Protein chains: 2
Amino acid sequence: MLISEFARATDLPIDTIRFYITKGLLKPERSAKGGSNPYQVFKQEDVTAARMIRLQQTLGYSLGEILALNEEYRAGEHSSERTVEVLQVQIARLEEKKAALDAALSFLRGKVDWIRAGKPDDAPRIQDYHC
Amino acid sequence: MLISEFARATDLPIDTIRFYITKGLLKPERSAKGGSNPYQVFKQEDVTAARMIRLQQTLGYSLGEILALNEEYRAGEHSSERTVEVLQVQIARLEEKKAALDAALSFLRGKVDWIRAGKPDDAPRIQDYHC
DNA sequence: TATAGGTATGGGGTATAGTCCACGGTCAAG
DNA sequence: CTTGACCGTGGACTATACCCCATACCTATA
């Protein structure tokens with residue numbers, strides 16, 4: 001798969017793909033073609049990687065953090081013990097984010113209930129969410 | 001409350017507070033003191049606002065989006081009908097984020113289970129999460 | 001009234017995450 | 001063998017969210 005097809009498969013702009021390559025987030029192989037600047041060849045595996053990057057981004061990770069996570073993951077790939085450890089650290093981080101999100105949701109829902117009931121005294125206070 | 005005390009109360013750097021003011025996210029009043037550059041005076045209400053900004057940031061909103069959300073909120077403050085509407089839009093957005101987060105969590109948990117069970121065929125596929 | 005310390009403004013610099021463009025090389029169809 | 005579409009590289013540029021500094025002014029305390 002060449003870069004334009006990869007762009008269609010991942011729904012990413014070509015420039016963004018090249019940017020991710022310079023950052024080390026994607027490491028396509030080089031084909032024999034292309035002369036002094038060999039063409040980059042992408043596998044289905046790279047499509048999965050790109051999708052994972054996007055998912056991690058929506059969860060609030062920076063590209064630097066994503067790179068670190070993925071390298072950490074690859075480093076432990078030989079040992080299933082280590083892989084599980086890495087995954088569980090990631091799960092723990094996501095659960096923290098989920099807790100913050102739940103706090104915000106219950107804050108907003110409480111506010112709706114309070115308005116509908118017309119009870120200002122039960123108003124939820126943002127102060128209670130130390131984030 | 002002057003800016004240094006406000007900085008302590010919100011645990012924000014003074015420069016960040018001034019930055020938020022230039023962006024319109026905080027609108028402190030001006031005291032009579034300070035001569036040609038009157039001092040900015042913060043209320044408890046502003047502490048709440050700052051905390052809300054930080055909460056919204058952890059949920060992935062940009063300062064521009066936060067400004068829009070807050071102005072939308074203030075615009076409907078006179079009508080409880082409208083306030084509830086605005087709140088429910090925000091709740092819906094957060095629920096989307098929560099769904100993405102839950103998808104990621106079940107993906108990672110599925111992967112852990114799969115490794116522990118040693119069943120590569122049941123491996124969860126990132127392809128299933130179109131984000 | 002001298003002075004230490006707090007304040008406002010403006011401008012410059014940084015990191016992140018792209019986005020755009022011009023260049024020159026390459027490939028494949030006709 | 002020409003032509004149009006594609007490829008890689010390098011550099012310039014943008015927007016966001018700060019961070020830091022110099023300057024000048026103001027206040028409270030001794």
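Computed from a predicted model, the values in this text were never measured in an experiment. Proteins get letters first, then strands, A, B, ... in listed order; numbering begins at 1 in each.
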Whole angstrom is fine here: how far is it from [atom1] in [X] over to [atom2] in [N]?
{"X": "B:Leu67", "N": "D:dT16", "atom1": "CG", "atom2": "C1'", "value": "14 Å"}
{"X": "A:Ile3", "N": "D:dC6", "atom1": "CD1", "atom2": "P", "value": "13 Å"}
{"X": "B:Glu29", "N": "C:dA8", "atom1": "CD", "atom2": "C1'", "value": "17 Å"}
{"X": "A:Leu63", "N": "C:dA15", "atom1": "CG", "atom2": "C1'", "value": "12 Å"}
{"X": "B:Arg30", "N": "D:dC26", "atom1": "CZ", "atom2": "P", "value": "14 Å"}
{"X": "B:Met1", "N": "C:dG6", "atom1": "CE", "atom2": "P", "value": "17 Å"}
{"X": "B:Tyr39", "N": "D:dA28", "atom1": "OH", "atom2": "C1'", "value": "10 Å"}
{"X": "A:Glu65", "N": "C:dA15", "atom1": "CD", "atom2": "P", "value": "16 Å"}

Any side-chain N or O of B:Gln40 below 4.0 angstrom from OP1/OP2 of C:dT7? no
Those residues of residues 4-26 of chain A lying under 4.0 Å from DNA chain C by at least one heavy atom: A:Pro13, A:Asp15, A:Thr16, A:Phe19, A:Tyr20
Among [options], the nucleotide that comes nearest once only the side chain of [X] is considered:
{"X": "A:Gln57", "options": "C:dG25, C:dT9, C:dA17", "result": "C:dA17"}
{"X": "B:Leu2", "options": "D:dA28, C:dT7, C:dG18", "result": "C:dT7"}
{"X": "A:Asn37", "options": "D:dT9, D:dC18, C:dT16", "result": "D:dT9"}

Indicate whether any N or O donor in one side chain lies under 3.5 Å from an N or O acceptor in the other, for B:Gln90 and B:Arg93. no
Lys NZ or Arg CZ of B:Lys43 over B:Phe6 ring: under 6.0 Å, within 45°: no
Could you check whether B:Lys27 makes a cation-pi contact with B:Tyr20, meaning its NZ or CZ is under 6.0 Å from the centre of the six-membered ring and within 45° of the ring axis? no
What's the separation between atom CG in A:Asp46 and atom CZ in A:Arg51, rounded to the nearest 0.5 Å? 12.0 Å
Quick one: CG on B:Asp113 to CG on B:Leu108, what's the gap to the nearest 0.5 Å? 11.0 Å
Heavy-atom closest pair (B:Gln40 atom, B:Pro28 atom, distance to 0.1 Å) is CB-CG, 3.8 Å
If you apply the rule salt bridge (charged side-chain N to carboxylate O under 4.0 Å, His left out), what do you find for A:Lys23 with A:Glu71, and how did you get there? CA-CA 12 Å; A:Lys23 288 276 159 178; A:Glu71 287 189 344; over 6 Å; no
